[in-house]
Amino acid sequence: MSPAPETQTPQQRERATTIFEKGAPGRRAFRAPPLDVPPVDGLVPSALRRAVPPRLPEASEPEIVRHYVNLSKRNFDLDSGFYPLGSCTMKHNPRLHERVAALPGHARLHPLQDPRRAQGALELMFNLQEALAEIAGLPHVSLQPSAGSHGELAGVLLTRAYHADRGEERTKVLTPDSAHGTNPATVTMAGYEVVKVKLDAAGGVDLDDLRAKTDESVACLMLTNPSTLGIFDPNVEEMARIVHGVGATLYYDGANLNAVMGYSRPGDMGFDIVHFNLHKTFTQPHGGGGPGAGPIAVSDRIEPYLPRPQVVRKAAWAPTGERGSSDEAANGRLVGGPPTFDLDDDRPKSIGKLRGFQGNYGVFVRTYAYIRSLGAEGLKDVSEVAVLNANYVLARLKAEVGDMLPLAFGERCMHEFVLSGAPMKKQLGIRTLDLAKRLLDHGMHPPTVYFPLVVEEALLVEPTETETRETLDAFVDAIAAIVQEAAEDPEIARNAPYGTPVRRLDEAGAAKRPRVRQVLTPAAPDGAG
Amino acid sequence: MSPAPETQTPQQRERATTIFEKGAPGRRAFRAPPLDVPPVDGLVPSALRRAVPPRLPEASEPEIVRHYVNLSKRNFDLDSGFYPLGSCTMKHNPRLHERVAALPGHARLHPLQDPRRAQGALELMFNLQEALAEIAGLPHVSLQPSAGSHGELAGVLLTRAYHADRGEERTKVLTPDSAHGTNPATVTMAGYEVVKVKLDAAGGVDLDDLRAKTDESVACLMLTNPSTLGIFDPNVEEMARIVHGVGATLYYDGANLNAVMGYSRPGDMGFDIVHFNLHKTFTQPHGGGGPGAGPIAVSDRIEPYLPRPQVVRKAAWAPTGERGSSDEAANGRLVGGPPTFDLDDDRPKSIGKLRGFQGNYGVFVRTYAYIRSLGAEGLKDVSEVAVLNANYVLARLKAEVGDMLPLAFGERCMHEFVLSGAPMKKQLGIRTLDLAKRLLDHGMHPPTVYFPLVVEEALLVEPTETETRETLDAFVDAIAAIVQEAAEDPEIARNAPYGTPVRRLDEAGAAKRPRVRQVLTPAAPDGAG
Amino acid sequence: MAGYTSVTAEDLAHMLEVIGAGSIEELFDVIPAGVRLGREIDLPAGEPEQAVYAELRRLAARNVSAEDEITFLGAGMYDHYVPSIIDMLMSRSEFLTPYTPYQPEVSQGGLQVMFEYQTAISELTGLPVSNASVYEGPSAVGAAAYLAKLANQRRRVLVSRGVHPHSRATLATLAIGYGTAIDEISLDDGVTDLAALHAALADDVSAIVIQQPNFLGAIEDVQALAAAAHEHGALVICSADPLTLGVLEAPGNQGVDVCVGEGQTLGNRLDFGGPSFGFFAATQKHIRAMPGRIAGETTDADGRRGFVLTLQTREQHIRREKATSNICTSQALNALGGVVYLSWLGRQGIVELGELMLQRTHYARETLDALDGVCKLHDRPVVREFGLRLDVGDRAAVTRVLDRCAQAGINAGFALGHEYEEYADGLLVAITELRSRADIDRLAEVLGAAVAAEQSASTVSGAAA
Amino acid sequence: MAGYTSVTAEDLAHMLEVIGAGSIEELFDVIPAGVRLGREIDLPAGEPEQAVYAELRRLAARNVSAEDEITFLGAGMYDHYVPSIIDMLMSRSEFLTPYTPYQPEVSQGGLQVMFEYQTAISELTGLPVSNASVYEGPSAVGAAAYLAKLANQRRRVLVSRGVHPHSRATLATLAIGYGTAIDEISLDDGVTDLAALHAALADDVSAIVIQQPNFLGAIEDVQALAAAAHEHGALVICSADPLTLGVLEAPGNQGVDVCVGEGQTLGNRLDFGGPSFGFFAATQKHIRAMPGRIAGETTDADGRRGFVLTLQTREQHIRREKATSNICTSQALNALGGVVYLSWLGRQGIVELGELMLQRTHYARETLDALDGVCKLHDRPVVREFGLRLDVGDRAAVTRVLDRCAQAGINAGFALGHEYEEYADGLLVAITELRSRADIDRLAEVLGAAVAAEQSASTVSGAAA
Ligand SMILES: Cc1ncc(COP(=O)(O)O)c(C=O)c1O
Ligand SMILES: Cc1ncc(COP(=O)(O)O)c(C=O)c1O
């Protein structure tokens, strides 16, 4: 049922070609500045000099622009439509954030600029640390981790350092079955053994199983709360008691923080370490898979081990130029008064560095702008509306297609919820995947599918707070229409999508014979032709 | 043959709704800064106060962004594909120009800023005047006109002022049949009678007809050279002689300047007045129909009448603060040395002002960046490649479909050419319009159709210099394929396009019962609900 | 190959062969020797992107922009905050790079934007018909007077001196073309002198032109002025600041036949004066005499809702010398900025913003009026701008006062003496939502000091003389 | 309703009714009293866009950026010109706002960009397999050593002291986790000491880590170092500056098994250190042990060419604790900037740019070496960065010299004393295409004066003591 040749869209007509297949020998966009120094030969010994120049594209600027603009049009994006990708918090990305992040004072600031001449950046980072500490309910923050899973790794390494400092050798980390894949993967990379904890009938952690598996060999329990099922675990206090009882740490995967701001804080729940996904809760654009940032907040006992450097505020600076020269003269060019913020690298118990420099500052600028825009009231509103929207969609779907797509656990949800497509598969013969693909023809991005693994034919729906009721209704109507359509003719969904540039791709074949780069035609050593 | 319902694209499925039909009462994006002064009632007498607040949209920022982003996707644009719209010079728009135009020093500069504190802007305008004068071959430039037709109006009014100053009353302006519609329209607005001049067999101006119609009552001849037929009129010198012989002026419509830079200049051809279309030859993005700019260049005898103000360079500034205070103190805050450029409003014979302030400065910034990027060599290259590309497409089309779409005049062309779809219409039963619509399914914008009027079923093709040979070939292949397809089944083209968001719109109906605005539901005086 | 072209040696050889030409130069043989340049263009060589960027940055740095000082300069263009979604949308290729929507199937985006823009302008002005934009404010006044001439064939227009000097100058320039005489109506305590208008009105008057608020910031009694004009069958043309129409009555409800104006205040940058856009709205009866593009609603072959350029028989490309205007390329992109801004501001916002301007402007006016050597130019109600008199003497003295303020980082406003001999000592001060109370208090401090300094300086030199 | 939500009173009532709840609070009832915040979040109230913009501008103005001074600061990130097409493409909604391409039918743009990026990185590094990006440079080194561990299960890694200090620190931090010991190999006259490497190598060594060019700017003889490592079956990990690979031999042709590095120099902004991207390329045999996303080519149901995420069985969302890495969200948008930059630079450009850096860097090095009190740190060939020694004494003295330069508007570079006790008097100077000969001459002037001033100051105080 693919569209008739003459009625295909231009995108469907045109074969995908890469930038390496475009252009022609000798074409170019870049023009080099003139050589303004006396040229010298053989600055690189020929043994070290590259023989064959890299075969990069040769294209004019108009070709490059058109190529990538057209590629962009083969993407679905959040600015164009509903994107209820569960666990990813696809909320509106304000353009103000792009504007302020692009200010040259932020965007062209070198990471090794003398702190006395980067006071604006350090002030911003310091203020952000304070704000995140208040939001997490934990006093100390490191902004360094580059994403959530990087934050997780930091958290487990902090746990290791904490125990090591107390002469303890622990070998296991507990993760519930509903945990995101990065949790167990992180545990392995950090050199611990993963111990899975079962879920109870309500979708929460099975306390008995937790008790049974918790002993002195356990270093940490990693928990997401609300969980990836969209359920807030009511037993969190008891879990904390159990885990802390054996001297282990409690790690909070902050990917779902969007559900509870203003209501409950990880610190209040008894967690020792938290990571934030700034690209989720704090609306850093997702960029097709990053960049993000995964700052961590920790309790006092973990603080000594935080990565270095930390941004600190100090009373005053000792001028480097003794001999009573003026602050200005002593500290070099200063802007906006004497410096008060600094980078503290002198942290003897620190786990060290997780990456270069001070973290993804450009992401911090956006997050800071977001927190300043919303304020306390706005952040609470975020969670309230996120939960309201999720429950509204859930309630409507129950009424419309509850029999085919039942809620996996419980009655209500927090900011997201998981449906099971098992009945639909059995009775209508279409899988969750088919439903997802058909949604594409309705101009919407499908929810997360087949995660969490504990639910058969899972559909994880997270509407977020920035969507309107009309959009939520349109989503429910689309799902209902697809289920209805499938009842009449399941083939339509099974072969969907139709209007997209390409349709159902052969993923198995791609993995069997991986073609992960374009094979380029060999070139003459002189690089010509 | 419209796409089957289930295989339609999301765009085709979704009904167009306006921003006024979206949102809901009480929704908003803007938040007002807090009132920081003591509030006072009744500052506007109730008689003058608006009773019913304007019923503007009520929508959140995410709704607004998504609405307009999706609207943008219903446009075809130059960054996405070939756009050979004849007479419009749809060349690549470098993004560097957008970057530099957005620099706050340019973008947030107030037009009435004291010239001593706007030296950068005045220097840029002065340099641009000089550059355009050199390119036109005429010594004096006014940047003021807002677009080409505005420049035409300026030109004819200058002609009127010139003759009036010499006590002459003239009543007619000559325009060839191939002239763009703005030429005769301008003549009428300027209070002259339009006299049409015939074309000769070669598509040039018929010299005998010109001689016959040229007498003391003629104020001006408006000419486009190369003409809208893409033909350089070889008799331009003789025309100048004829027109100047009766004391009339010769006006050059610069829309086609892209064809001759570095080879011939309007001044060299004997023209007195020229307008530039900065949005054509100098690549200001077309913005869906503007903004543009239409600066004019004139000869010495026309100079006294140029609009005011003019940007001038002066030796030095008389400090406004006499009493020997420093330049700085005297002239207020100065940046980058003492001022040397000024706005000269003292022009007794000037025709006055054509618009507010100094013209479309933002366009000047882009044009200046373009001229600096290309330089003399680059500008000549522009015209050479523009003419090369046009002749290449012409030659290939002759070979492929010459019998169905013959060239209207001559053998070769300058930067553009006109084909006639008459044979195709007669033999295949599809019109130029059908060909154009079917091209949309090939992902290309059609050439200009049904202009110039002197050619039956006209197709005016202007590839521009920034297109690659591959793109030109793809265009020719598409035309050939459509003609071929029509030979087998003309219905396909007659019903085209298919892949576009909408298909063949009812223009007649739109004009019969014009609906030029959304009718909004009446609102309570308090503006609520 | 330089700049943005892409013809390689191979391309060139192949293309010339297909064309059947020996060289590119040969393609230019048609140009007679007598009109050839015969040398290279005399301009500097092209430069790489980084160098051009550096040069344009150097020039930008030589300007003192609204980012570099606290500015109260208005007089026709105003430093309002431009929300970031506007840059983002205006810079999208799909809006930035197409041309006039001649092919509606692939131009629905631009066409619907025009339709929405027209709806917003109609709503703001209270007039049923709006076009899709004209160049800018002052030339829109000239275009409106041309519409009046086409409508009633009369050849005299009365213009209030409260109309922006650039609008009056532009009208005068264009009117010479279409043969309309211009007479000015004086002001009385800041607003158009109704008596003078009555006296000047006669049955040969094609139209009157007024501005709301007028150039001195005062709110005109449009109703009364319109009524007077209509008695003589003259059309009423009003140039309005659209951003004040959340708090000021819609001109269309006050008898205005044609409402035009400068659109810069609607989400467009200052850009040293352009590009922005002009709006043009009128009563139903003038729909077929409007200048410029107009988008209209219709349906497609499958019955889908769609939009097209309509009533094109008014336009130059169809009607040529009989067209209602010569305008072709206009300001579509800037008008997009305008309608996005109005959507962002929204129904409540345009009232709230108007109210904020009213309050702060009132506060500023009273605060400055209280300074020694400074007093109000008039006592009329104002929205966001007002006139002052500085007791320092001539226009040069006012300029020196402004220079002193500039050195303190304050741009105190526009010296009225540039345009009005009768207000040689006048200063026009504008307040937007970007000027806080603190900014206003700082202005008072700096202006007060500057006036005092100028006064003492002149008495000194006076004594010396 | 605050910020970016849109629930009106009507919406709320309707939605609660459908849900069957009495209030929003009720939806949070599941949260036990004991873990509730029980107060409002203690943060300032939200502010309008214009106020937030003003605040972020204030902070930006407190930084001295590469736009405010002539900077020669490098040491891992470099002030190269970022062409405007990159901002434009990276800010397009279609690239900016989607997430990881889980639905390939509507993600072909992002997926093809990854495929093109992988092709470009493979070509630059001379290695057949590249992933779609990792976080950034130093953590990429840590990830490479983890791959080595997975590959040969050995638990010792040798790291040259020529490797960026941040990379060495990050490797040490991560290696503790996966239980690998780290030993450093010293430098000999600016490059890795081959003899020391030979001495340290044994059959328990999992991998050696080197950097090209190294932190002191010197070009390493990668071939020789790699050969030594391979004798003991150790993997060779090279952290390379991709922008130098137009003039330096491809690591893949020199025996390197895994080539990683910092991608900032490829069209990414400085951003005070991030976000940028790290690249990760390896030999074919490691393809199934790679971390992160990898795009692969395939076909669709109608036989069209298309792209998908492939080899996902390596990844955490499938393999969980058995995954080859825990990385999930990476740096897709920055990698887009990278491949666009490489396309813009092009095949000829990357050589021309490399040549320009070589020549200017050589000129700068010789010019500065000629100054009194200044000499080269080493005499090895360099590409765009080099080390100097300042004869002024301790690290504090060097800082004072840099402060003097800063006052003259010059950022003279990175004080090596921060990271190397042995180079307490060291200065690292970087040259990009944005630093002209005139800039370099100005640096010489300013640095020379600053060193002289520091020398005389210290002799004075020395005398005084
Ligand atoms: C529940 C959960 N935990 C952890 C992560 C990992 O975060 P990141 O992708 O930022 O590394 C994610 C996001 O994918 C997540 O949804
Ligand atoms: C030949 C010709 N003359 C004049 C014009 C009018 O120029 P503008 O649209 O800038 O007013 C055009 C452009 O449409 C044109 O092609």
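Chain naming here is simple, since letters A, B, ... match the order of the sequence lines and numbering starts at 1 in each.
Per-residue heavy-atom pair counts under 4.5 Å with chain D were compared for Ala59(A), Pro33(A), Gly509(A), Gly137(A), and the maximum is reached by Pro33(A).
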Requested in this report: Could you give me the CA-CA distance, side-chain angles and deciding distance for His14(D) and Tyr392(A), then say whether side chain to side chain donor-acceptor pair (under 3.5 Å) is met?
Outcome: CA-CA 9 Å; His14(D) 170 79; Tyr392(A) 177 69; 3.2 Å; yes
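Results of the side-chain contact (heavy atoms from CB on, under 4.5 Å) test with Phe95(D) over Val69(A), Asp77(A), Leu71(A) single out Leu71(A) as the only residue that passes.
For Arg504(A) and Asp300(D), the salt-bridge test fails: no basic side-chain N is under 4.0 Å from an acidic carboxylate O. With respect to Lys380(A) and Glu40(D), a salt bridge is recorded, a charged nitrogen being found less than 4.0 Å from a carboxylate O. For the pair Arg108(A) and Asp271(D), the salt-bridge criterion is not met [side-chain N within less than 4.0 Å of a carboxylate O].
Of the inter-residue distances, the one linking Arg469(A) atom CZ with Asp11(D) atom CG reads 5.0 Å to the nearest 0.5 angstrom. Interatomic distance, Leu505(A) CG to Thr310(D) OG1, rounded to the nearest 0.5 Å: 11.5 Å.
No hydrogens or angles considered: a donor-acceptor pair under 3.5 Å links the side chains of Ser72(A) and Arg92(D). Of the N and O atoms on the side chains of Thr299(D) and Asp506(A), not one donor lies less than 3.5 Å from an acceptor on the other residue. One side chain, Tyr135(D) or Ser149(A), offers a donor N or O that lies under 3.5 Å from an acceptor on the other. Looking only at atom types and distance, the side chain of Gln113(A) has a donor-acceptor partner in the side chain of Asn411(D) under 3.5 Å away.
Of all the heavy atoms in Glu116(D) and Ile19(A), the pair that sits closest is OE2-N, 2.9 Å. Closest approach of Pro514(A) to Leu311(D), counting heavy atoms only: CG-CD2, 4.0 Å.
Residues forming a salt bridge (Lys or Arg N to Asp or Glu O under 4.0 Å) with Arg160(A) (at least two apart in sequence, or on another chain): none. Residues passing the salt bridge (Lys or Arg N to Asp or Glu O under 4.0 Å) test with Asp42(D), sequence neighbours excluded: none.
Under the 30°/60° scheme for interplanar angles, the aromatic rings of Tyr4(D) and His92(A) are found to be tilted.
In this structure, Arg517(A) fails the cation-pi test against Phe115(D), since its NZ or CZ atom is not both closer than 6.0 Å to the six-membered ring centre and inside 45 degrees of the ring normal.
Of the atoms belonging to Leu354(A), heavy atoms from both backbone and side chain fall under 4.5 Å from chain D. Residue Ile31(D) touches chain A through both its backbone and its side chain, counting heavy-atom pairs closer than 4.5 Å.
Aromatic ring centres of His166(D) and Phe357(A) lie closer together than 6.0 Å.
Annotation: side chain of Leu43(A) is in contact with side chain of Gln359(D) (closest heavy-atom distance under 4.5 Å). At a threshold of 4.5 Å between non-hydrogen side-chain atoms, the residues Val247(D) and Leu48(A) do not count as touching.
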